[in-house]
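Okay, so here's the structure we're looking at.
Every heavy atom of this structure was used, including side-chain atoms; hydrogens, water molecules and symmetry mates were not. It should be emphasised that the depicted structure is a prediction, and the values quoted were computed from it without experimental measurement.
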Amino acid sequence: MKRANEQAVEGFFVLSAYFSALLTVALFGFMLVLGLPLFAEGRIFSIMAQPWAPHLGQFGIQPMIVGTLAISLLSMLFAFPLSLGCAVLISVVSKGKVSWLLRKTVEMMTGIPTVIYGFVGIFLLVPLVREFFAAGSGMCVLSASLMLTLLVSPTMILFFCESFARVPDSYGKAALAVGGTEVQKFLHVTLPNSWPGVVIGFTLALGRALGDTLIALMIAGNAVQTPGSLLDSARTLTSHIALVFAADYESPEFKAIFACGIFLYLFTTFLMMAVRLLGVGRERWAR
Amino acid sequence: MENAVKIRTENLCFSYNGRTILRNASIDFAEREISAIVGPSGSGKSTLLMTLNRLWETIPRCTLRGRVEMKVDGRYYDIYEKSYPVTRLRRQVGMVFQIPNPLPMSIYKNVAFPLQLKGGLAKETVSARVEECLRKARLWDEVHYRLHSTALDLSGGQQQRLCIARALILRPEVLLLDEPTSALDHATARAIEELLLELKQSCTILLVSHYLDQVTRIADTIIELHNGTLVRRGGRT
């Protein structure tokens, strides 16, 4: 029979889990309720597809959706190979103190406030991009993506390192004992068996890239337009929420930001579900 | 007539983290025989095996002095020479560990794994070799209908035989076995002993064992280590 204190602790954990789940659902409910006028008017989907043209009475968020996807997906395109490479360097290639030093540096990077990355972006990266491409102000999709890459990579690197470390030693020993090289061991044993962790790390980083406000707000230029090239200025959904939130509460612009929230929420939820399915499939196989 | 020497160690000294494990161990292992290595815990038996396929090199803070020679194609090679690639050595010297270590993949892929790493063989040849090794390891009858299901669902004894099949697929000249039956029940252990007696026709076998009855049943030569030094060598009687 369980002791009273064990039951109390278990009850606390169960309550915490339910509370977290409830909070997630409540957040969505809150956005739905506040976005109710959009649903009632049947404008929710047209808002997602329309451009933002207040002078024409159009408050669509399509440019922001494109801006968000362009900046976050491009940053993941840069960040994933970079993070995988760094994780391999820390976990596989370097040994002893070098590995420790690299890891501590990455851990430190995760603690740097986003605004510092933003400042570095404005005063270092933006001028570099402006000079190098000699086009525009330098506040563009590319600059924001590069800075976001720096922001999300440390989390991914640490996730990947942890995933590599969780692969049992016996697997690696089995590969080496039959004449495998360190590279073969990594490619055939370590990487496939750390796949669920790699996918989860990727998703968390993508979630952070999608949800980050400050980098895009400071560096992407915030033009309400559908970016046609990497050097075009763009506005993300989160930046849009932040910028419009400061405006008139009763305006149609303000109401449109709930469409941004609903889109972000649904997109992130579907992404997480897809990753869960991928991860579960892999775990079943590895059982 | 005595068999020729397959592996020869000369003044082998090994230390881990500053602690000496092997002290001037000079031992000859005869070709196509089962040489059992016995001795108390910590006497250096498993370490000795790891010096013969250089697997210790994956462990940090280890140092080795001395010489290990292996006869290949009628000639003795120093296996620690730079010109002797470690991958080639490990394909010639297979190893089976105390705890079975199947990879989280199908039974077929587990056995074919060494060939996949080596590359250069047709799919049909790989399939034939997988079947041959599973038969040699006496596992074929139990798994032939579920070759593509995960190896992690096999019993402990089956997993160990799978690991033996995986070690055999590269047709090694030497097989190192580190207490391969210690985690198995009596019947499975006896089955593996019979398998080893068959394998010694084509392979030199070095077996670390704690079980004296097992050693006297199957070993041709018994090598006793104490504190990392050879203290006795003799036949099974």
Side-chain angles (χ1 to χ4, degrees), chain A residues 87-104 160-200 277-287, chain B residues 46 49-50 52-61 85-106 109-119 133 148-153 159 162-172 174-178:
Chain A
V88 171
L89 184 68
I90 292 170
S91 305
V92 182
V93 180
S94 60
K95 307 276 178 207
K97 281 183 183 167
V98 179
S99 168
W100 180 85
L101 193 69
L102 286 170
R103 197 189 165 94
K104 289 293 160 195
F160 292 172
C161 288
E162 287 306 316
S163 307
F164 296 161
R166 273 204 299 270
V167 176
D169 280 347
S170 63
Y171 294 174
K173 226 158 84 171
L176 294 175
V178 295
T181 61
E182 286 287 345
V183 175
Q184 286 178 321
K185 175 185 132 184
F186 177 74
L187 291 177
H188 293 275
V189 177
T190 311
L191 193 57
N193 287 295
S194 51
W195 172 247
V198 170
V199 174
I200 290 171
L277 287 174
L278 275 172
V280 168
R282 184 73 205 176
E283 275 164 23
R284 255 187 216 154
W285 175 239
R287 186 174 56 85
Chain B
S46 300
L49 288 194
M50 284 203 293
L52 305 181
N53 69 351
R54 294 174 58 179
L55 204 60
W56 65 272
E57 289 176 356
T58 60
I59 306 166
R61 298 186 296 279
V86 69
T87 48
R88 181 185 167 198
L89 172 75
R90 288 179 190 157
R91 283 174 193 151
Q92 290 165 331
V93 182
M95 187 162 191
V96 176
F97 301 90
Q98 181 178 6
I99 308 290
N101 58 348
L103 292 164
M105 47 177 79
S106 71
K109 282 185 180 169
N110 255 283
V111 182
F113 183 64
L115 292 181
Q116 187 199 351
L117 296 186
K118 195 181 172 197
C133 291
H148 297 286
S149 57
T150 176
L152 302 187
D153 282 347
Q159 287 188 0
L162 181 84
C163 293
I164 293 174
R166 188 175 64 197
L168 291 178
I169 202 156
L170 291 168
R171 294 178 177 156
V174 179
L175 196 57
L176 310 174
L177 300 128
D178 191 359

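Considering only heavy-atom pairs separated by less than 4.5 Å from chain B, the leading option among Asp169(A), Thr181(A), Leu176(A) is Leu176(A). Taking Leu117(B), Thr58(B), Leu55(B), Asn101(B) one by one and counting their heavy-atom pairs under 4.5 Å with chain A, the maximum is reached by Leu117(B).
Smallest separation of non-hydrogen atoms from Arg90(B) and Arg54(B): NH2-O, 2.7 Å.
Gln116(B) touches chain A through its side chain: at least one heavy atom from C-beta onward sits under 4.5 Å away, while N, CA, C and O do not. Of the two parts of Pro102(B), only the backbone, made up of N, CA, C and O, holds a non-hydrogen atom closer than 4.5 Å to a non-hydrogen atom of chain A. Using a 4.5 Å cut-off between heavy atoms, Val96(B) makes no contact with chain A at all.
Not a single donor-acceptor pair under 3.5 Å links the side chain of Asp178(B) to the backbone N or O of Gln98(B). Formation of a donor-acceptor pair under 3.5 Å by the Thr190(A) side chain with backbone atoms of Phe164(A) is not found in this model.
The NZ atom of Lys173(A) lies 5.0 Å from the CZ atom of Phe97(B); values are rounded to the nearest 0.5 Å. A distance of 14.5 Å separates NZ of Lys97(A) from NZ of Lys104(A), quoted to the nearest 0.5 Å.
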